[in-house]
Amino acid sequence: QIVATGICHTDEHVLEGNFPNIDFPVILGHEGAGIVESIGEGVTSVKPGDKVIPLCLPQCGECSFCLNPESNYCLKCHLSESQSLLPDKTSRFTCRGKQVHHFMWVSTFAEYTVIPECAVAKIDAAAPLDKVCLLGCGFSTGYGAAINTAQVKPGSTCAVFGVGGVGLSAVMGCKVAGASRIIAVDINSDKFAKAKELGATDCINPRDFKKPIQEVLTEMTGHGVDYSFEAIGHAETMAAALASCNMNTGVCVMIGVAPSGSLISIDPMLLLTGRTWKGSVLGGWKTRDCIPKLVSSYLEKKFNSDLLITHTLPIAKVNEGFELLRAGK
Ligand code: NAD
Ligand code: ZN
Ligand code: ZN
């Protein structure tokens, strides 16, 4: 039973037709939290009544990447194989007698869903589900990109491109890691008050400058930032984020999902001089192992992801939620 769900921009990418391996009609949503209503044969890690977070990135525990302690990309993930049907190749959703597809094996925009065991994690019974649902994707993604993927060092300078749910979580991760300067970059200046509240020291809007934003950031910092994060999903801003970090030791982390088929054109010199360009899926967390620990950290008040919540609506108004997302609210 799904109790609460967030809206992540990836759901919107699917609606725009910008996401691979999707079959329609589909029940979207992948940032949820709920309570186990019943279990199938052979399921041992959860039981009815347990609070859980559905995992849009599974952890099968058996594939070569799951067995590698440095990787969190499970080969059963939607980017490797379609998750439009459950592993037994059935759909458990119908509408007026017609089959409806699953999304990332979780489909959280529903009151009830069916999820494979490797794509669900039991969490602390004290967790408020309407708050920790954000740990199912957006928060964990941005926060982990700073802590796990970039491994931001104390005293460093960071730039976060796009301060929506994911980018704001990256700002929180940079702050927790001890960054001394965190520059938020967004074309919607309305996002800056929240970015500052969460730890941004500077906020800049590329539309306020004539020159490219990478030049502005390089001038602001001397030789570019130590860590840059792209949390938007455009090829141009990915290239700009790369060019914004220090030519020698800078690390750029790509988080945003660019439309399928996108290509990025860059000057190879950007990498030759020593920059590192990385990608990050769900913040680098091994999901079944780490999401429950993040929930415990939330309960211990190590971070306040509640500040990311802007609106709360009943599920019947989910489309209004998408309108708010598109309006930058
Ligand atoms: P969001 O819509 O809440 O935020 C995006 C932000 O980018 C907005 O504040 C918007 O104003 C800003 N923006 C748009 N164009 C810009 C530009 N040209 N320059 C500067 N800022 C610009 O989205 P979100 O839910 O935070 O998701 C962000 C991205 O992260 C999406 O592409 C999403 O698909 C992706 N994502 C990736 C992962 C992963 O595991 N890698 C997980 C979750 C989300
Ligand atoms: Zn997401
Ligand atoms: Zn695996």
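Computed from a predicted model, the values in this text were never measured in an experiment. Order of listing sets the numbers, starting from 1, for every ligand and every atom in it. Residue numbers start at 1 and run along the sequence shown. The analysis underlying the following values was restricted to heavy atoms, covering all of them including side chains, and did not include hydrogens, waters or symmetry mates.
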*Asks:* If you measure from each non-hydrogen atom of His13 to ligand 1, which part falls under 4.0 Å: side chain, backbone, both or neither?
*Replies:* side chain
*Asks:* Using distance alone, decide if ligand 1 has a nitrogen or oxygen within less than 3.5 Å of any nitrogen or oxygen in Val166.
*Replies:* yes
*Asks:* Any nitrogen or oxygen of Ala231, side chain or backbone, less than 3.5 Å from one on ligand 1?
*Replies:* no
*Asks:* Does His78 offer a backbone N or O that forms a donor-acceptor pair with the side chain of Asn21 under 3.5 Å?
*Replies:* yes
*Asks:* Given the Zn ion (ligand 2) as the apex, I'd like the angle to SG of Cys137 and NE2 of His30, rounded to 10 degrees.
*Replies:* 110°
*Asks:* Using atom types as modelled and distance alone, determine if a side-chain donor or acceptor of Asn148 lies under 3.5 Å from a backbone N or O of Gly283.
*Replies:* yes
*Asks:* Looking only at distance, does Cys137 have an N or O less than 3.5 Å from an N or O of ligand 1?
*Replies:* no
*Asks:* Side chain or backbone of Ala258 under 4.0 Å from ligand 1, or both, or neither, by non-hydrogen atoms?
*Replies:* neither
*Asks:* Are Pro292 and Asp124 packed together at the side-chain level, in the sense that at least one heavy-atom pair is separated by less than 4.5 angstrom?
*Replies:* no
*Asks:* Under 4.5 Å between any side-chain heavy atoms of Leu307 and Leu168, yes or no?
*Replies:* no
*Asks:* Please assess Ser45 against Arg288 for the test side-chain hydrogen bond (donor to acceptor under 3.5 Å, both in side chains), listing each intermediate value before the final yes or no.
*Replies:* CA-CA 10 Å; Ser45 61; Arg288 290 190 89 198; 2.6 Å; yes
*Asks:* Would the distance check show the side chain of Ser228 and the main-chain N or O of Ala159 forming a donor-acceptor pair, the cut-off being under 3.5 Å?
*Replies:* no
*Asks:* Ignoring waters, how many protein N/O/S atoms are under 2.8 Å from the Zn ion (ligand 3)?
*Replies:* 4
*Asks:* Between Glu117 and Thr44, is there a donor-acceptor pair closer than 3.5 Å when you use the side chain of the first and the backbone of the second?
*Replies:* yes
*Asks:* Using a 4.0 Å heavy-atom cut-off, say whether Glu12 meets ligand 1 through its side chain, its backbone, both or neither.
*Replies:* neither
*Asks:* Look only at interatomic distance and state if Gly165 has a nitrogen or oxygen under 3.5 Å from any nitrogen or oxygen of ligand 1.
*Replies:* yes
*Asks:* Where does Leu168 meet ligand 1, judged by heavy-atom distances below 4.0 Å: at the side chain, the backbone, both, or neither?
*Replies:* neither
*Asks:* Ligand 1 versus Val257, non-hydrogen atoms closer than 4.0 Å: side chain, backbone, both, neither?
*Replies:* both
*Asks:* Which residue holds the protein heavy atom closest to atom 10 (C) of ligand 1, what is that atom called, and what is the gap in Å?
*Replies:* Asp186 OD1, 3.5 Å
*Asks:* Side chain, backbone, both or neither: which applies to Lys191 and ligand 1 if a contact is any heavy-atom pair less than 4.0 Å apart?
*Replies:* side chain
*Asks:* Is the Zn ion (ligand 2) less than 2.8 Å from at least one N/O/S atom of His9?
*Replies:* no
*Asks:* Do Asp23 and Ser84 have a side chain donor and acceptor closer than 3.5 Å?
*Replies:* yes
*Asks:* Evaluate salt bridge (charged side-chain N to carboxylate O under 4.0 Å, His left out) for Asp50 paired with Lys122, printing each intermediate quantity in order.
*Replies:* CA-CA 6 Å; Asp50 284 349; Lys122 180 180 171 173; 3.7 Å; yes
*Asks:* Mark yes or no for whether Thr237, through its side chain, and His234, through its backbone, hold a donor-acceptor pair below 3.5 Å.
*Replies:* yes
